[in-house]
Number of protein chains: 2
Amino acid sequence: MACDILLPGRILYFFPTGHKVISMPHTATKVGRPRQFDEAAVLGAAMEQFWAHGFHATSLTDLTTVTGLHKGSLYGAFGDKHALLLATLRHYSKVRRAKVDDDLASHESPLESIGVYLKRMAREASAQSHGRGCFISNTALEMLPGDPQVAAIVTEHRHAIQNALAGTLDRARAIGELKNTHSSSELARFIYTVSAGMWERGRSSSDEEQLLNTAELALSTL
Amino acid sequence: MACDILLPGRILYFFPTGHKVISMPHTATKVGRPRQFDEAAVLGAAMEQFWAHGFHATSLTDLTTVTGLHKGSLYGAFGDKHALLLATLRHYSKVRRAKVDDDLASHESPLESIGVYLKRMAREASAQSHGRGCFISNTALEMLPGDPQVAAIVTEHRHAIQNALAGTLDRARAIGELKNTHSSSELARFIYTVSAGMWERGRSSSDEEQLLNTAELALSTL
DNA sequence: CGACTTTTGTTCCATTCGGTCAAAAATTCG
DNA sequence: CGAATTTTTGACCGAATGGAACAAAAGTCG
């Protein structure tokens, strides 16, 4: 069983056996024509598109429009449409987790930090801001079940968020801020669930105040 | 401004003004070839398809496969793909609301009834059962913002559920079952939010027990 | 400089898409 | 029966799709 690395890359040669030689872009050597675009910017633009319209409703033409790249470049750099989706998901997850960590360390008081997190979720969920909820959450709803690669990213992201929340809850419990006696992991799942629910509500309701209200209600139960 | 009813129906005649004469199927007269399919069954099959794969990932060919009808029949009976989606959404909403009402009247104790509701949401959200969550909620995430007709159905459905919950909470408060002092409508929105969040979790996690745990946690805060 | 390597921009292609149409079939009404 | 009406059927349409191929361009390296 030879190497069957799929993407991204350009097919250089087909063995008679059916196996392929693929050039991996952006590796080691500096020889060859250099990239003329900012990879992060392109990834961001593609993400915005997928985020706003979903995977199936986004065409390659849409992607070339928002990224400014042509099909060939997109294909060569990231692989096919689905591989590009995975890349944007990983990109989002990284950025997102950093932001969550920021929120959860924003105050001396762990519980107050969780409040910051929840309120930001509510505000971002509202249609008044952009009303698109969480990119990963949306993609999960569109692609799952049925897409193992997306599933892996989604599951890992969710666990990362829940672990960050659980850790913060542990700190709160340690200093006696927590009145709720449920385990930190249970409470973390609960908080994540409320966030996800607010994202859904934000899709069809632009009432930010009601979402913030729900966030505070959830916070008050801890 | 003449009648501009759009669908479903077959265009019989175009006025020179641009207006159309449309025959409304399944009305009054009994003349003509009778339907050879069960409308409700077809609606159900189409709903299953949309529910499992979403709107954009479902092709007309998929729909003809699962319903057994040909394109022409589908078009004649329900209109185009989008109109069929709306029909399945309305169908689902009707069935769903009846089931919710059942849950909320299942016990003498209003609070216990809400527990029944929440636990069923958790169980249905889990991938162990079907893991597809709520059809309307999924469609909202895929189509909104940007689809006013879907938005109207989603909003109405959500309000109906929230009103049913709020009414049940009122009854609970009246007999002193409620310890939480927040308003019934706030608590109803909270419960709905937790449900929606569990649906999202169920997409990538099959752990029914953890979902039930969250349901009970939410219930205990009332 | 000239061989080599990678990106870029364009073109092409087979397939699939949602939707339309006209004729055949099935029924009621006169 | 025959006219009228509706549904069914299957062929058909133009447009758009995702992806592949390829020559030109733009660099590096010996």
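Per chain, numbering begins at 1; letters A, B, ... match sequence-line order. Only a predicted model underlies this, so the values are computations on that prediction, with no experimental measurement involved.
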Value in whole Å for how far the P atom of C:dG19 lies from CG of B:Leu84: 10 Å
Closest nucleotide among D:dG10, C:dG9, C:dT20 to the B:Tyr75 side chain: C:dT20
At under 4.0 Å, does any side-chain N or O of B:His70 touch on OP1 or OP2 of D:dG10? yes
Give each protein N/O atom lying under 3.5 Å from an N/O atom of nucleotides 26-30 of chain C, with the pair distance.
unit_1	atom_1	unit_2	atom_2	d
C:dA26	O4'	B:Arg33	NE	3.3

Base, sugar-phosphate, or nothing for B:Thr64, non-hydrogen atoms under 4.0 angstrom? nothing
Atom pair distance, as rounded to whole Å: CG in A:Leu69 and P in D:dG18: 16 Å
Evaluate the side-chain proximity of B:Phe78 to B:Leu43: yes if any heavy-atom separation is below 4.5 Å, no if none is. yes
From the options A:Thr168, A:Leu187, A:Asp103, select the one residue that forms a side chain to side chain contact (heavy atoms under 4.5 Å, CB included) with A:Ile114. A:Thr168
What's the NZ-P distance between A:Lys71 and C:dT10, to the nearest Å? 13 Å
Could you check how far CZ of A:Phe55 sits from P of D:dT17, rounded to whole Å? 13 Å
When the distance from CZ of B:Phe37 to P of D:dT6 is rounded to whole Å, what number comes out? 15 Å
Check the phosphate of D:dA16 against A:Thr61, side-chain N and O only, distance under 4.0 Å to OP1 or OP2. Yes or no? no
Can you measure B:Leu74 atom CG to C:dG19 atom P for me and round it to whole angstrom units? 11 Å
Between B:Asp62 and B:Thr65, a side-chain donor and acceptor under 3.5 Å: no
Is it the case that over 12 heavy atoms from other parts of the model lie below 6.0 angstrom from the CD atom of B:Glu186? yes
B:Phe135 and B:Tyr92 aromatic ring geometry - parallel, tilted or perpendicular at 30°/60° bounds: perpendicular
For the base of D:dG18, is there a side-chain donor-acceptor partner from A:Lys81 under 3.5 Å away? no
What is the distance from NE2 of A:His56 to P of D:dT17, rounded to the nearest Å? 14 Å
Looking at A:Ile153, A:Val154, A:Ile136, which hits side chain to side chain contact (heavy atoms under 4.5 Å, CB included) with B:Ser204? A:Val154
Once you round it to whole Å, what is the distance between P of C:dT8 and CZ of A:Phe78? 10 Å
Decide if atom NE2 of A:His53 counts as having more than 12 heavy atoms of other residues, nucleotides or ligands within a radius under 6.0 Å. no
Between A:Ser59 and D:dA16, is there a side-chain N or O to OP1/OP2 distance below 4.0 Å? no
